[in-house]
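Side chains included, hydrogens not; waters and symmetry mates left out as well; all remaining heavy atoms used. As the structure lists them, so they are numbered: ligands from 1, and atoms in each ligand from 1.
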Amino acid sequence: MTCLFCEIIDRNIPADIVFEDDEILAFRDVDPRAPVHILIIPKKHISGLSEANESDRELMGRICIAASRIAGQEGIDQSGYRLVVNSGPDAGQAVDHLHFHLLGGRPLGWPPG
Ligand code: AMP
């Protein structure tokens, strides 16, 4: 089965890419919920956070560091931002490729949902 985000990684589907390295891709969400809404994904296909395992530890850390770097690039590191993973149906996970939402550029309500 084809994966939407794997297709973006392979450049078969266009995306507004803001960051890339050998293991990570970040692109703007097509339906932004905040002035800055970026999805940060591992290039390795992992279906969701529950499918990440011990061997992904370094990759998970690199994604968090990339998020902080992208927040700086986007100018929201001082105003603040949120990094969110939706996992499973109750959280509304719609795409089965692990992705971190980086949201900012406005005050974000708490608790979410
Ligand atoms: P989630 O609900 O956590 O699975 O988030 C999936 C996100 O992917 C949603 O915020 C969608 O707007 C976003 N999305 C879906 N298709 C695309 C696409 N082709 N390019 C960018 N973002 C997308």
### Query
If we only count heavy atoms from C-beta on, is the D21 to R62 side-chain gap below 4.5 Å?
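Sidechains of R62 and D21: in contact.
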
### Task
Check whether any side-chain heavy atom of I40 sits under 4.5 Å from a side-chain heavy atom of L83, and report yes or no.
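Yes, side chains in contact.
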
#### Entry: Nearest heavy atoms of N86 and G92, plus distance in Å
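In this case the closest contact between N86 and G92 is CB-C, 4.4 Å.
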
### Query
Between the side chain of E7 and the main-chain N/O of I9, is any donor-acceptor distance below 3.5 Å?
no

### Task
Please confirm whether H99 and H97 have ring centers closer than 6.0 angstrom.
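Ring centres of H97 and H99 not closer than 6.0 Å.
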
### Query
So which residues, sorted by chain and number, lie with a heavy atom under 4.0 Å of ligand 1?
L4, F5, I8, F27, R28, D29, V30, D31, L39, N86, G92, Q93, A94, V95, H99, H101

### Query
How are the rings of H37 and H101 set relative to one another: parallel (under 30°), tilted (30 to 60°) or perpendicular (over 60°)?
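Geometry flag for H101 against H37: tilted rings.
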
